[in-house]
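These notes are about the structure you will find just below.
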Amino acid sequence: MDDKDQSTTHFGYRDVPTGQKQKLVGEVFTSVASSYDLMNDLMSLGIHRVWKRYFVATAQVKPGDRILDLAGGTGDIAALLKDRVGEKGELVLGDINVSMLKVGRDRMTDRGNVRGFEYVQCNAEKLPFPDASFDLVTIAFGLRNVTDKDAALREMHRVLKVGGQARVLEFSEVTAAWFKPIYDFHSFNILPKLGKLFANDADSYQYLAESIRKHPPQEELKGMMQAAGFARAGYRNLSAGIVAIHTGYKA
């Protein structure tokens with residue numbers, strides 16, 4: 001097939017063949033796996049820890065629930081959810097990147113979090129789980145890196161039990177006009193330099209800043225969740241829309 005006949009998608013601000021994006025994103029996260037917390041601190045000025053706690057605190061969870069945390073390789077969300085599901089609950093950490101999974105598994109083991117956790121390398125676009133397997137599906141700061149977001153949302157809906165909740169925490173579109181130029185300056189002028197200084201990896205940080213701008217804004221993502229079958233789809237902006245929490249339910 002001729003190159004010009006191939007479908008393309010975005011990798012940051014670059015157009016690349018659709019089949020290549022997964023590999024390119026994988027290279028980015030393999031590169032940043034060992035410094036992932038640092039990356040999030042630099043991208044969010046440290047506020048990501050507060051966002052994650054709020055994301056978990058407002059989730060529909062009860063003791064004994066079975067939860068799938070996608071793009072969950074570092075274990076941040078699963079560790080916070082553990083207290084809420086209790087000893088009888090199960091947490092499955094799914095991530096397409098094996099380097100991220102290894103970092104997360106080692107970190108969870110160091111914290112003493114062993115029982116009730118399972119680690120699965122998987123693609124969010126085609127999950128290796130039966131229908132109606134989970135009470136809650138979460139994905140934090142991972143959906144924007146998925147090539148086919150619509151497919152991933154449909155899969156999240158498929159593996160949920162009836163009445164189950166899906167939650168997406170993701171960088172979104174800043175709503176305060178006065179703040180946008182400050183945020184853009186930080187993202188494109190400061191962030192890559194910090195990535196170079198602290199992680200010797202300016203290119204990965206440049207991609208991550210670009211990937212945020214290419215991610216569907218709040219209303220568009222809400223519509224995508226509705227199209228994937230979610231009922232009562234909605235969102236809540238945090239920090240003037242720097243991030244948003246999207247929720248939907250399986251009716």
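The figures that follow rest on heavy atoms only: side chains count, while hydrogens, waters and symmetry mates do not.
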Rounded to the nearest 0.5 Å, what separation is found between the NE2 atom of His246 and the CD atom of Glu170?
9.0 Å
Are Ile67 and Met108 connected into the same hydrophobic cluster when the rule is that any two of I, L, V, M, F, W, Y join if their side-chain heavy atoms are below 4.5 Å apart?
yes
More than 12 heavy atoms of other residues, nucleotides or ligands under 6.0 Å from NZ of Lys161: yes or no?
yes
Have a look at Arg167 and tell me which of Thr58, Asp69, Thr247 forms a side chain to side chain donor-acceptor pair (under 3.5 Å) with it.
Thr58
Can you tell if the side chain of Val137 reaches within under 4.5 Å of the side chain of Leu70, non-hydrogen atoms only?
yes
Nearest 0.5 Å, what's the CZ-OG distance between Phe171 and Ser239?
10.0 Å
Given Leu136, which partner from the list Leu81, Val85, Leu91 fulfils the side-chain contact (heavy atoms from CB on, under 4.5 Å) test?
Leu81
Just by distance, do the side chain of Gln121 and the backbone of Ile96 share a donor-acceptor pair under 3.5 Å?
yes
dist Arg105:CZ -> Phe117:CZ (nearest 0.5 Å) comes out at 14.0 Å
Check this for me: does any side-chain nitrogen of one of Asp65 and Lys62 sit under 4.0 Å from a carboxylate oxygen of the other?
yes
Polar side-chain atom of Asp135 near backbone of Arg66 as donor-acceptor pair, under 3.5 Å:
yes
Distance col, row Phe129:CZ vs Leu68:CG, nearest 0.5 angstrom, shows 5.0 Å
Check this for me: does any side-chain nitrogen of one of Arg158 and Asp131 sit under 4.0 Å from a carboxylate oxygen of the other?
yes
Would you say Ser187 and Arg213 are linked by a side-chain donor-acceptor pair, where the criterion is simply a distance under 3.5 Å?
yes
Positive for side chain to side chain donor-acceptor pair (under 3.5 Å) with Ser172, one of Glu220, His215, Gln218:
Gln218
Within a 6.0 Å radius of atom CZ on Arg236, are there more than 12 heavy atoms belonging to other residues, nucleotides or ligands?
no
Within a 6.0 Å radius of atom CZ on Arg49, are there more than 12 heavy atoms belonging to other residues, nucleotides or ligands?
yes
